[in-house]
Amino acid sequence: ADVTVGGCFSFYVHGNLHVSNAKSKLDATETSQGIVYRTTANITIDAGTIETTMLRTSKADGTHVGSITINDGTFILTGNGSDKHNFPTLGLTHTTGGFNMHGGYLVIERGTDSGNAQGWAFVIGSDKDNCSITGGTVRILGARWNNTNHDLYFTSTAPLWNLEIEGFNNNNRVEIREFDDNGDSGCEDVEIQPLVVLNDLTIHNNGVLNANNQNVMVGGNFSVEAT
């Protein structure tokens, strides 16, 4: 079944959100701040699709032990919400949280448009002991990013299985950076991290990856594909 969430500030998850049917879709693209996961929330995709403007941590007090798990299916972050300028499009910044990916796709279409987190596509700050990565593909779709003044930024304490970077329509790049919360969002600062891709790293359509003096480690194939 398809479920559409709209006309509200955010879709809050306090407990478990589980999408397990290949024909199911949760559409939260009409919310201004997308999906907000509370301190103990667990979001799991075994099949089907979740599409939302952003996925961000809560500003609630307490230890954030929530987790994101993608076993199959597709998690799409469109990045076109409003009133979200202090948060990355995907923000899993707490060391105590979990990030697990064993299959499927995590698709990030845009970074945050303005504010303290301008340009930020995703930040994963989970302690490595709280991460399990055995499959799946993270895709950054640069062609959807129309802000010519800012590159797209990311950093991740977790390795990625496959990473695909699509080229831009302008001279922007995808760049590894340190994330500074600036004390406004309830996120945690995350230091710049080396990029570890356990399988394949693919750069499409004249895309550019700026490693910013960080090591890039690829366990499989490293491919640069021209237009």
Side-chain angles (χ1 to χ4, degrees), residues 1-38 41-60 66-93 97 99 101 103-124 136-148 150 152-154 156 163-166 168-169 172 174 185-187:
D2 292 346
V3 176
T4 300
V5 180
C8 58
F9 182 73
S10 300
F11 178 58
Y12 287 90
V13 180
H14 292 262
N16 297 320
L17 171 62
H18 188 193
V19 179
S20 59
N21 189 308
K23 296 182 179 180
S24 296
K25 180 178 181 179
L26 171 62
D27 185 346
T29 55
E30 297 302 318
T31 59
S32 62
Q33 288 203 8
I35 296 176
V36 178
Y37 66 98
R38 290 295 199 182
N42 295 292
I43 300 174
T44 302
I45 307 179
D46 289 330
T49 302
I50 295 177
E51 185 172 4
T52 183
T53 52
M54 65 187 303
L55 174 67
R56 71 167 181 84
T57 185
S58 166
K59 297 180 73 171
S67 66
I68 308 300
T69 300
I70 304 174
N71 295 316
D72 204 345
T74 304
F75 203 139
I76 302 171
L77 298 167
T78 61
N80 60 346
S82 60
D83 302 323
K84 61 178 181 57
H85 308 308
N86 294 325
F87 303 94
T89 296
L90 170 64
L92 308 175
T93 63
F99 177 70
M101 195 164 184
Y105 292 89
L106 173 60
V107 182
I108 301 169
E109 295 186 350
R110 293 169 59 189
T112 298
D113 291 333
S114 61
N116 291 336
Q118 187 172 37
W120 276 95
F122 73 93
V123 182
I124 298 173
T137 299
V138 175
R139 301 185 67 201
I140 302 176
L141 304 184
R144 308 289 178 89
W145 178 241
N146 296 318
N147 189 327
T148 58
H150 285 271
L152 277 180
Y153 312 127
F154 77 97
S156 177
L163 174 62
E164 297 182 1
I165 297 172
E166 178 186 294
F168 293 85
N169 293 324
N172 292 93
V174 173
S185 66
C187 297

Check the pair Phe11 / Leu17 against side-chain contact (heavy atoms from CB on, under 4.5 Å), numbers first and verdict last. CA-CA 11 Å; Phe11 178 58; Leu17 171 62; 4.2 Å; yes
Would you sort out whether Phe87 and Thr112 count as a side-chain contact (heavy atoms from CB on, under 4.5 Å), showing the intermediate values? CA-CA 7 Å; Phe87 303 94; Thr112 298; 5.5 Å; no
Go through Ile124 and Ile68 one step at a time and tell me if the side-chain contact (heavy atoms from CB on, under 4.5 Å) criterion holds. CA-CA 11 Å; Ile124 298 173; Ile68 308 300; over 6 Å; no
How far apart are the C-alpha atoms of Ser10 and Thr31, what are their side-chain angles, what is the distance that settles it, and do they pass the side-chain contact (heavy atoms from CB on, under 4.5 Å) test? CA-CA 5 Å; Ser10 300; Thr31 59; 5.5 Å; no
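Atom CD1 of Ile35 and atom OG1 of Thr52 lie 4.5 Å apart (nearest 0.5 Å). One finds the CD atom of Glu109 at 9.5 Å from the CD atom of Glu166 (value rounded to the nearest 0.5 Å). Summarising the geometry, atom OG1 belonging to Thr93 is positioned 11.0 Å from atom CZ belonging to Arg56; distances are rounded to the nearest 0.5 Å. The CZ atom of Arg139 lies 13.5 Å from the CG atom of Leu77; values are rounded to the nearest 0.5 Å. Distance check, rounded to the nearest 0.5 Å: CD1 of Ile165 to CG of Leu163 gives 4.5 Å. Rounding to the nearest 0.5 Å gives a distance of 4.5 Å between CG of Leu106 and CD1 of Ile70.
Looking only at distances, no side-chain donor or acceptor of Thr49 sits under 3.5 Å from a matching main-chain atom of Lys25.
Looking at Ile43, Asp27, Ile76 one by one, the single match for side-chain contact (heavy atoms from CB on, under 4.5 Å) with Ile50 turns out to be Ile43.
Closest heavy-atom contact between Tyr153 and Trp120: O-CE3, 3.5 Å. The two atoms that bring Leu26 and Val5 nearest to each other are CD1-CG2, 3.9 Å, heavy atoms only. Of all heavy-atom pairs between Thr53 and Gln33, the closest is OG1-C, 3.8 Å. Closest approach of Ile140 and Phe154 over heavy atoms only: CD1-CD2, 4.4 Å. The nearest pair of heavy atoms linking Ala22 to Ala47 is N-CB, 3.6 Å. Nearest heavy atom pair, residue Ala121 against residue Leu152, reads CB-CD2, 4.3 Å.
Here the side chains of Phe75 and Leu55 are in contact, with some heavy-atom distance below 4.5 Å. A 4.5 Å side-chain heavy-atom check between Asn71 and Thr44 finds at least one atom pair inside the cut-off.
For Phe99, there are no ring-ring contact (aromatic ring centres under 6.0 Å, His included) partners two or more places apart in sequence or in a different chain.
Heavy atoms from other residues, nucleotides or ligands lying under 6.0 Å from CD of Glu30 number 12 at most.
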